[in-house]
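Heads up: the structure comes next, in structure tokens.
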Amino acid sequence: VNSIARAFQQPAKSSLLPQIVDRAHFPAAVTWNTGAMQLAFVLGPALGGFAIALFAGGERSFWEVSLTDLVKSAPLTTTESIRGTAVVYVLNACAASAFFVFLFFAKPRPIAQETDPLTLHSLMAGVRFVLTQKVMLAAISLDLFAVLLGGATALLPVYASKEYLDVGPVGLGWMDAAPAIGAVSMALWIAHRRPFQRAGAAMLLSVIGFGVATIVFGISRSYPLSLAMLALTGALDNISVVIRHTLMQVLTPDAMRGRVSAINGMFIGASNELGAFESGMVAKFVNPTFSVVSGGVGTILVVVVLSNLAPGLRRFGKLTEDVKAEA
């Protein structure tokens, strides 16, 4: 039920942003939006674990639990774990309710409402629109295949094991957080610089860099180097995300924006899940190093192919200008 609700929520939320932010400031808005999301990916699991330990209860009262106890706590019993986790779910529900309330304060600009009846033809209008927009289709396809092939994060538990980096659960936690830390850092940097002057080239180069960083991570046996490469993949992926989301919103008419956002969400979901499956299958039948390195090489090859099939993406300029003619 939660996933079904999010399937409706995400396209609607993506469609709302262009209605409350003008085009000149839209790239910055997307940057702050994605940066906040990545920051939540970093802080959320840590705060969740903190809250579970804090509210687990036990022999001592709430006020007798020290910070040291929370950081180096003993394993919780099943009852304590359930009690602490229940509080986390309640906090999650409160946060969702707060979003629901704050949404009423958003004041979108008036737009012309679509009057066409809801038919199968109108439902497929978003697909037809994306297929006619070569730049948008190339940007979405680039993200799809890059994540599909470069899904090194699915194999992080293998790389944390004794056979590779031998860093244990804590080291795995930092490895898991590294891409989000890199993404947050890049989002802050992008937000304080002028908009991309050659957005298409920047997107292609960032995906190439993502592939190179993935290859280096795959062959690395140094924990600091591996962390750096994971952070770099997150930082470079953030560049691609900001440019792709901005392109989609400024190229899409208001009436079509929800359906196009839904298609983009489907691409993202498919690439993440299928990419993890692909990485695991190749690792099983060959080995983990080959899986990660071949994925990075494949990502670079995808950039080369798409940049030739869709030269408009390579030549794409500023995101703040009227980009419809360029598309």
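Predicted model only: the values in this text are computed from it and were never measured.
Atoms CZ and CD1, on Arg198 and Ile243 in that order, are 11.5 Å from each other to the nearest 0.5 Å. To the nearest 0.5 Å, atoms CG (Leu236) and CG (Leu205) are separated by 10.0 Å. Separation of atoms NZ (Lys134) and CG (Leu309) is listed at 10.5 Å; rounding is to 0.5 Å. The NZ atom of Lys284 sits 15.0 Å away from atom OG of Ser279, with the distance rounded to the nearest 0.5 Å.
In this structure, Val292 is a member of the same hydrophobic cluster as Leu225, with clusters built from ILVMFWY side-chain heavy atoms closer than 4.5 Å. With hydrophobic clusters built from ILVMFWY side chains whose heavy atoms lie under 4.5 angstrom apart, Leu227 shares a cluster with Met229. Two different hydrophobic clusters hold Ile215 and Val286 under the rule that ILVMFWY side chains link at heavy-atom gaps under 4.5 Å. Leu232 and Val241 are members of different hydrophobic clusters when ILVMFWY side chains are connected at heavy-atom separations under 4.5 Å. Under the 4.5 Å side-chain contact rule for hydrophobic residues, Leu274 and Val207 share a cluster.
With sequence neighbours excluded, no residue forms a side-chain hydrogen bond (donor to acceptor under 3.5 Å, both in side chains) with Thr153. For Arg314, there are no salt bridge (Lys or Arg N to Asp or Glu O under 4.0 Å) partners, not counting sequence neighbours. Taking Arg221 as the reference, Thr289 meet the side-chain hydrogen bond (donor to acceptor under 3.5 Å, both in side chains) condition, with sequence neighbours excluded. Under the rule for a ring pair (Phe, Tyr, Trp, His ring centres under 6.0 Å), Phe285 has no partner lying at least two apart in sequence or in another chain. Among residues two or more places apart in sequence or in another chain, the side chain to side chain contact (heavy atoms under 4.5 Å, CB included) test is passed with Ser97 by none. Evaluation of the side-chain hydrogen bond (donor to acceptor under 3.5 Å, both in side chains) rule for Ser220 yields Ser226 as partners, not counting sequence neighbours. Legend: residues meeting ring pair (Phe, Tyr, Trp, His ring centres under 6.0 Å) with Phe104, ordered by chain and number and at least two apart, are Phe100.
Residue Pro157 comes nearest to Ala154 through the heavy atom pair CD-O, 3.8 Å, listed as atom of the first residue, atom of the second, then distance. Residues Leu155 and Pro288 share a closest heavy-atom pair of CD1-O, 4.0 Å.
Sequence neighbours left out, not one pair with a member in residues 290-309 passes salt bridge (charged side-chain N to carboxylate O under 4.0 Å, His left out). Among residues at least two apart or in separate chains, salt bridge (charged side-chain N to carboxylate O under 4.0 Å, His left out) pairs with a member in residues 241-250 are Asp143-Arg244. Each ring pair (Phe, Tyr, Trp, His ring centres under 6.0 Å) pair with one or both residues in residues 200-236, not counting sequence neighbours, appears once here: Tyr159-Phe217.
Put simply, the side chain of Ser141 never gets that close to the backbone of Ala138: no donor and acceptor are under 3.5 Å apart.
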Sequence neighbours left out, cut at 3.5 Å: what donor-acceptor pairs do the side chains of residues 293-307 make with other protein atoms?
| residue | atom | partner | partner atom | Å |
| --- | --- | --- | --- | --- |
| Ser294 | OG | Phe290 | O | 2.6 |
| Ser294 | OG | Ser291 | O | 3.2 |
| Thr299 | OG1 | Ala146 | O | 3.4 |
| Thr299 | OG1 | Gly295 | O | 2.9 |
| Ser307 | OG | Val303 | O | 3.0 |
| Ser307 | OG | Val304 | O | 2.9 |

Quiz: residues 164-191 side-chain donor-acceptor pairs under 3.5 angstrom, not counting sequence neighbours:
| residue | atom | partner | partner atom | Å |
| --- | --- | --- | --- | --- |
| Ser185 | OG | Ile181 | O | 2.9 |

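Side-chain contact between Leu230 and Leu156: present, with at least one pair of heavy atoms (C-beta onward) separated by less than 4.5 Å.
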